[in-house]
Asker: 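For reference, the structure I am asking about is given below.
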Amino acid sequence: MSDTGSAPPTDQNAVVRFEGVSKRFGQKQVLDDVSFSVPAGQALCILGRSGMGKSVTLKLAIALLKPDAGKIWIEGEEIDRLRGAQLSEVRRKMGFLFQDAALFDSLTLYENLALPMQRLTNKPWDEVNRAVDRVLGQVGLEHDKEKMPVELSGGMRKRAGMARALVLEPKILLADEPSSGLDRISAAEIDELLLNEKRERRTTLIVVTHDVHGARRVGDQFAVLEDGHLVAYGSADDLEHSHNDTARKLISEQGQ
Ligand SMILES: Nc1ncnc2c1ncn2[C@@H]1O[C@H](COP(=O)(O)OP(=O)(O)O)[C@@H](O)[C@H]1O
Ligand SMILES: [Mg+2]
């Protein structure tokens, strides 16, 4: 474990690997020499206060943003160097739940899931239908497929975003605050879904969360981002004994 801000060792066989990654917007150094790796089938939970670069980290992993320095590997491919078809191929292995769910307002819930899936896979429509029904059932929205996004509550939009991230059965799932804004029961259901992905399908997970209870249930490793650095990294137990105050606060259930 590291809680001095120095990089934890990264594993060359890891499914997701950041090595010395830095990212700045204008004057603001959001990430400064960040390294971590996530082995196959494990879940890394990223914790940190608002504005510390958690969402930026996920967007770098899927190459929606480019690092200023450092390298990012997804299953051994340097994702920020890939373009076009090669990038699409790596991204197809990845499910992404955006913080704001990011649904298309002019499409029904069903279309929000089915159209991107059809476009990415060229699968026949009956197969697409089955996959969409399956994931909507998983998130408890099977009776809402004809609804428009404006008709969905915040919690339902979140679950819809989760369904969209899962519809292609990704090997890697990146989830940005999957349970924020949900009531406790719905949040617990999302946690179960994430756990199930990990246990049944060996999906590799990176979950950004403020929900300590959920993080402890789902996470194998925890990383705390603060002022551009990974100030703590390790098991829940490691964080509880960290020298870093924020890390101890964020992992403590009493802190909620
Ligand atoms: N595309 C962008 N352009 C400019 N600044 C950005 C962009 N994305 C994020 N930022 C800034 O980077 C910092 C970290 O953002 P973010 O990763 O969203 O934080 P959080 O940890 O809350 O998810 C914030 O100061 C944010 O304003
Ligand atoms: Mg964020």
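The structure presented is a predicted model; accordingly, all values stated were derived computationally and were not measured. Order of appearance sets the numbers: ligands from 1, and atoms from 1 within every ligand.
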Asker: Test of geometry: compute the angle OE1(Gln99)-the Mg ion (ligand 2)-OG(Ser55) and round it to 10°.
Answerer: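 Taking the Mg ion (ligand 2) as the apex, the two atoms subtend 80°.
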Asker: Thinking salt bridges, do Asp144 and Lys147 make one under a 4.0 Å N-O criterion?
Answerer: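 Here Asp144 pairs with Lys147 in a salt bridge, since their nearest N and O are under 4.0 Å apart.
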Asker: Quick test: of every protein heavy atom, which one is nearest to atom 17 (O) of ligand 1, and how far off is it to 0.1 Å?
Answerer: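 Scanning the protein heavy atoms, the shortest distance from atom 17 (O) of ligand 1 goes to Val56 N, 2.9 Å.
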Asker: Would you mind reporting whether Leu44 and Leu205 have side-chain heavy atoms less than 4.5 Å apart?
Answerer: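 The answer is no, as the side chains (C-beta and beyond) never meet within the 4.5 Å cut-off.
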Asker: I'd like to check the side-chain hydrogen bond (donor to acceptor under 3.5 Å, both in side chains) partners of Lys171; sequence neighbours left out, ordered by chain and number.
Answerer: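 Result, side-chain hydrogen bond (donor to acceptor under 3.5 Å, both in side chains) vs Lys171: Glu75.
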Asker: Among all protein heavy atoms, pick the one closest to atom 12 (O) of ligand 1 and tell me residue, atom and distance.
Answerer: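 Among all protein heavy atoms, the one nearest atom 12 (O) of ligand 1 is Val30 CG2, 3.3 Å.
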Asker: Any nitrogen or oxygen of Met52, main chain or side chain, under 3.5 Å from a nitrogen or oxygen of ligand 1?
Answerer: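 Looking only at distances, the answer is yes, because the N/O contact criterion of under 3.5 Å is met.
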Asker: Would you verify that at least one protein heavy atom lies under 4.0 Å from atom 20 (P) of ligand 1, or report that none does?
Answerer: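 Given the 4.0 Å limit, the answer for atom 20 (P) of ligand 1 is yes, a protein heavy atom qualifies.
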Asker: Taking Asp32 first and then Arg24, would you say they form a salt bridge - that is, a charged N and a carboxylate O separated by under 4.0 Å?
Answerer: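 No, Asp32 and Arg24 are not salt-bridged.
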Asker: Once side chain to side chain contact (heavy atoms under 4.5 Å, CB included) is applied, do any residues pair with Phe25, and if so which ones, sequence neighbours excluded?
Answerer: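 Phe25: side chain to side chain contact (heavy atoms under 4.5 Å, CB included) contacts with Lys23, Val30, Val56, Leu65.
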Asker: Within the structure provided, determine whether Arg17 and Val38 are in side-chain contact (heavy-atom separation under 4.5 Å).
Answerer: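 No; the side chains remain at least 4.5 Å from each other.
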Asker: Looking at atom 25 (O) of ligand 1, what's its closest protein heavy atom, distance included?
Answerer: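 Result for atom 25 (O) of ligand 1: Lys28 CE, 2.9 Å.
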Asker: Short N/O distance, under 3.5 Å, between Ser55 and ligand 1?
Answerer: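 There is such a contact, yes.
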Asker: Would you say that Met94 contacts Leu174 through its side chain, given a criterion of any heavy-atom pair below 4.5 Å between the two side chains?
Answerer: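 Result yes, sub-4.5 Å side-chain heavy-atom pair found.
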Asker: Please could you name the atoms of ligand 1 that Ser50 approaches to less than 4.0 Å, counting only its heavy atoms?
Answerer: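 Atoms satisfying the 4.0 Å criterion: 22 (O).
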Asker: State plainly whether the residues Asp100 and Arg157 are in salt-bridge range, i.e. N to O under 4.0 Å.
Answerer: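 Between Arg157 and Asp100 there is no salt bridge, as every charged N stays at least 4.0 Å from the carboxylate O atoms.
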Asker: Quick test: of every protein heavy atom, which one is nearest to atom 22 (O) of ligand 1, and how far off is it to 0.1 Å?
Answerer: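 Nearest neighbour among protein heavy atoms for atom 22 (O) of ligand 1, to 0.1 Å: Gly51 N, 2.7 Å.
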Asker: Does an N or O from Lys54, backbone or side chain, lie closer than 3.5 Å to an N or O of ligand 1?
Answerer: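 Between Lys54 and ligand 1 (N or O atoms, distance only) the closest approach is under 3.5 Å.
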Asker: Report yes or no: does Ser50 have an N/O/S atom closer than 2.8 Å to the Mg ion (ligand 2)?
Answerer: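 Looking at Ser50, which is the residue asked about, there is no N, O or S atom under 2.8 Å from the Mg ion (ligand 2).
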Asker: Please report the shortest heavy-atom distance between Gly95 and Pro170, naming the atom on each side.
Answerer: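 Taking every non-hydrogen atom into account, N-CB, 3.2 Å.
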Asker: Do any nitrogen or oxygen atoms of Phe25 come within less than 3.5 Å of a nitrogen or oxygen of ligand 1?
Answerer: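 Not met; the criterion fails.
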Asker: Can Gly48 be said to touch ligand 1, with heavy atoms closer than 4.0 Å?
Answerer: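 No, Gly48 has no heavy atoms under 4.0 Å from ligand 1.
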